[in-house]
There are 2 protein chains.
Amino acid sequence: MTPTIKDVAAHAGFSIATVSRAINAPHTVNPVTLEKVRQSIEALDFRPSPLGRQLRGERSRLIGVVLPTIANPVFAECLQGIDELAAAQGFRLMLMTTQYDTERERHAIETLREQRVEGLILTVADADTHALLDDLDRSGMLYVLMHNDTVRRPSVSVDNRLAAFEGVRMLIAHGHRHILMLAGTLAASDRARLRHVGYTQAMQQAGLAPAPALEIDFNADELAPSVLAHLTGSQRPTALFCSNDLLAMVVMRGLRRAHLDVPRDMSILGFDGLAMGELLAPPLSSICSPNREIGCAAWRRLIARIDGSYADASLSLTLPHTLREGATIAAISNGAQAPLVPRAREVNEGATHPAAPSSPYSAADPTTQTAHLPD
Amino acid sequence: MTPTIKDVAAHAGFSIATVSRAINAPHTVNPVTLEKVRQSIEALDFRPSPLGRQLRGERSRLIGVVLPTIANPVFAECLQGIDELAAAQGFRLMLMTTQYDTERERHAIETLREQRVEGLILTVADADTHALLDDLDRSGMLYVLMHNDTVRRPSVSVDNRLAAFEGVRMLIAHGHRHILMLAGTLAASDRARLRHVGYTQAMQQAGLAPAPALEIDFNADELAPSVLAHLTGSQRPTALFCSNDLLAMVVMRGLRRAHLDVPRDMSILGFDGLAMGELLAPPLSSICSPNREIGCAAWRRLIARIDGSYADASLSLTLPHTLREGATIAAISNGAQAPLVPRAREVNEGATHPAAPSSPYSAADPTTQTAHLPD
DNA sequence: GTGAAAGCGCTAACAA
DNA sequence: TTGTTAGCGCTTTCAC
């Protein structure tokens, strides 16, 4: 089996203590001895087990990362930032995903604690009412939340409410009156709920009627018929505020299949600022959170706390969001409903989707006024 | 500090042996004792350290995963598959990324071995000439490669050469004669090199002249001027075979900014089958590798080898690829160059990119013949 | 049914 | 400079 320090000692003809010193404090051992030990290590392909060291009470240099999924690039981008710093600072990462499931969150945290991680970086479904986090607080386990937007716990995020507020206000400034918010499962995301608060406030401030968020299963291949009805019916909104970029992309596909043009027939504003959104045609307008930087900041705060150099009293760090203009938002002259006009190109595109129905809409209306956003 | 089995024993008034039994073989201890011990464990918030167990020679239940990056969804998709199975089977994952850098690959493998992983799942830059993998073979460390397409080592991938061959043949069948292959850094990807072989063979079979792959930095914000010149000059190709989907998306953005329409002015075929490609407009035509399934298959093979139940003699597993038709490939009537025609909509879009130059191309030509792919 | 003790790989305090 | 030894948390004989 894997060689131990004993094997090396026997092979080199010294005691295990000497071997240990040769590894951990080379300068304290006779150069000749050192060389012999080195050769034995080489010959046996020995590498010191971290078990022994950790058993001696040393640091595990292990950090646990708990994310809902890495299929959503938001989290992959964070993880990338974390991974960079971890590698540079000689830490190892243990990753667990939860699929937004509370039971799996519990299990992940438990598993990582068993592994004696020195700290945790996590994104959970709901940061405020999370008994598990209370447990962590109580037991002194160090952790930092990412994306979870709460002042009650150590966390790094953007100001979700404010960002959504500003985004929706911008939609309103472009003439939109009937704006709907789309989200995944609200129960699985405290961020989404805060974003809905921001949406509601912006609408109310403008004297408009906010609507409840429309929940979407954005793993499905098609938009649900009921959702599609909402978006294409006579009472359809002129703009959609999507709780995240992935959702926005799925909705855009659904609209395209229904022969609606973005942004002419429907404006779209996403949230997350996925790098990929820029590659779309048209590029997705989005409220950008600095995902990679959120990961890096969470890492720094966690390590600072672990090292005890954490003087900053403020628990939660709010990073600035930005608006990526993109090209999925059109200005409209008034809140009136623009008629839906299929275009030849859209019909062609639709033809590549066997399920796409022929257009139910009326012919072109030259009075439709559509202006693109200025620079 | 974290409580140990000793603390529990003292608290419960029994020996550590009894506590250990209460945890690992509850039926062998007196129910009353068991209950007391349980309460002490609860009271102290004790969780058994894996160190002690592993020290006793038990399995670490730890698997190392080494990937170039998780910023590319190809790898995130694989990892998602691996993670699912790992969680279900009670294994932990330790993740390290390499950014396609050989030195970091070395470091990652070394680190994971030190951690006593039971096996490794990896994607490396070059599977065939990799001394590190030889080391693994020699030392009996179990591993399975993902994506690396080689018969010389345990691996799971698609047949990259064949897939590329078929894809390019399909382009040719659609009338394309001047087809260029674009890639990232060939040196960093044995897959890309195999795909270029497939491209070359398809071209030669059709009596066409294959070109060397054009290497692209697809992390840059803009396509390099020299690349753009290749794609827009008078000798420009009518179709691009992109070595991966992310690259294809970046190229599509570059073409859009240069006022070229996909697929009218240029057809694009990607490779990877990223879920996200489907969300593009038009949806990206791509040779799809079953990324998630590749991850799952790699996991199963690794675990089978670890459990010793690996009877299958064939080292490498080739999974079937598929073609996602998408809508980025146009049929052309002949190999002649279609004139470039900017359209009003494109100019509008270009306006959102401050750097976009005004169109250098001539006015619309109604004779341009463009047909979309049939269903 | 329970406890005492050895030993897993390693480090560090102490001895030689 | 090198060796001896205790002990880290735990499981597992072997006695009781």
Side-chain angles (χ1 to χ4, degrees), chain A residues 1-41 44-62 110-118 139, chain B residues 1-41 44-62 110-118 139:
Chain A
M1 269 300 291
T2 33
T4 75
I5 199 171
K6 271 190 186 170
D7 301 318
V8 178
H11 187 273
F14 292 94
S15 73
I16 59 168
T18 300
V19 175
S20 178
R21 274 190 290 261
I23 296 168
N24 300 298
H27 56 280
T28 68
V29 4
N30 185 314
V32 182
T33 310
L34 184 60
E35 185 47 33
K36 285 185 187 166
V37 172
R38 286 238 163 98
Q39 290 186 2
S40 296
I41 289 177
L44 298 176
D45 194 22
F46 165 79
R47 61 203 92 224
S49 164
L51 296 177
R53 301 183 180 190
Q54 286 179 226
L55 216 40
R56 299 276 320 165
E58 296 181 28
R59 303 177 48 181
S60 66
R61 309 279 289 177
L62 185 63
E110 185 60 26
T111 301
L112 293 171
R113 297 195 68 177
E114 274 178 5
Q115 297 297 312
R116 298 298 192 266
V117 293
E118 290 187 39
S139 64
Chain B
M1 268 300 290
T2 34
T4 74
I5 199 172
K6 270 189 186 171
D7 301 318
V8 177
H11 187 274
F14 292 93
S15 71
I16 60 167
T18 301
V19 175
S20 177
R21 273 189 291 259
I23 295 168
N24 301 298
H27 55 279
T28 67
V29 0
N30 185 314
V32 182
T33 310
L34 184 59
E35 185 48 31
K36 285 184 186 167
V37 171
R38 286 237 163 100
Q39 289 185 2
S40 296
I41 289 178
L44 299 177
D45 193 25
F46 166 79
R47 61 204 91 223
S49 164
L51 296 178
R53 301 184 181 191
Q54 287 178 226
L55 217 40
R56 299 279 316 163
E58 296 182 27
R59 303 175 47 179
S60 66
R61 310 275 295 173
L62 184 63
E110 185 59 25
T111 301
L112 293 171
R113 297 195 68 178
E114 274 178 7
Q115 298 297 313
R116 298 298 192 267
V117 294
E118 291 187 38
S139 64

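Naming: A, B, ... by sequence-line order, numbering from 1 per chain.
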(request) Report the residues that fulfil side chain to side chain contact (heavy atoms under 4.5 Å, CB included) with B/I41, sequence neighbours left out, ordered by chain and then residue number. (result) B/V8, B/I23, B/V37, B/F46

(message) Quick check: any donor-acceptor pair below 3.5 Å linking the side-chain of A/R116 to the base of D/dG9?
(response) no

(message) Reading DNA chain D from 5' onward, which residue's closest nucleotide shows up sooner: B/V19 or A/P31?
(response) A/P31

(message) With heavy atoms of chain B within less than 4.0 Å as the criterion, where does contact along DNA chain C begin and end?
(response) C/dG1 to C/dG9

Minimum heavy-atom distance between [X] and [Y], given as atom pair plus value:
X: B/L62; Y: B/Q115; value: CD2-O, 3.8 Å
X: A/D7; Y: A/P3; value: OD2-CA, 3.2 Å
X: B/S60; Y: B/E118; value: N-OE2, 3.0 Å

(message) Just verifying a value: how many Å separate B/T4 OG1 and B/L44 CG, rounded to the nearest 0.5 Å?
(response) 9.5 Å

(request) For A/S49, answer base if it contacts any base atom (sugar-phosphate contacts may also be present), sugar-phosphate if it contacts only those atoms, and nothing otherwise; contact means non-hydrogen atoms under 4.0 Å. (result) sugar-phosphate

Could you list the residues that satisfy side-chain hydrogen bond (donor to acceptor under 3.5 Å, both in side chains) with [X], not counting sequence neighbours?
X: A/Q54; answer: none
X: A/S40; answer: A/H11
X: B/R61; answer: none

(message) How bent is the helix from C/dG1-D/dC16 to C/dA16-D/dT1, measuring the angle between the end axes built from five pairs each, rounded to 10°?
(response) 40°

Could you state the [atom1]-[atom2] distance from [X] to [N], rounded to the nearest angstrom?
X: A/Q54; N: D/dG7; atom1: CD; atom2: C1'; answer: 16 Å
X: A/E114; N: D/dG9; atom1: CD; atom2: C1'; answer: 14 Å
X: B/I5; N: D/dC8; atom1: CD1; atom2: P; answer: 13 Å

(request) Please name all residues satisfying salt bridge (charged side-chain N to carboxylate O under 4.0 Å, His left out) with A/E110, sequence neighbours left out, ordered by chain then number. (result) B/R47

(request) Can you run down the side-chain hydrogen bond (donor to acceptor under 3.5 Å, both in side chains) pairs that involve residues 29-38 of chain B, sequence neighbours left out, and say none if there aren't any? (result) B/E35-B/Q39

(message) Does anything in residues 12-28 of chain B form a side-chain hydrogen bond (donor to acceptor under 3.5 Å, both in side chains)? List the pairs, not counting sequence neighbours.
(response) B/S15-B/T18, B/S20-B/N24

(request) Would you jot down, in residue-number order, the residues of residues 10-17 of chain B having a non-hydrogen atom under 4.0 Å from DNA chain D? (result) B/I16, B/A17

(message) With a 4.0 Å cutoff (strictly under), does any side-chain N or O of B/K6 reach OP1 or OP2 of D/dC8?
(response) yes

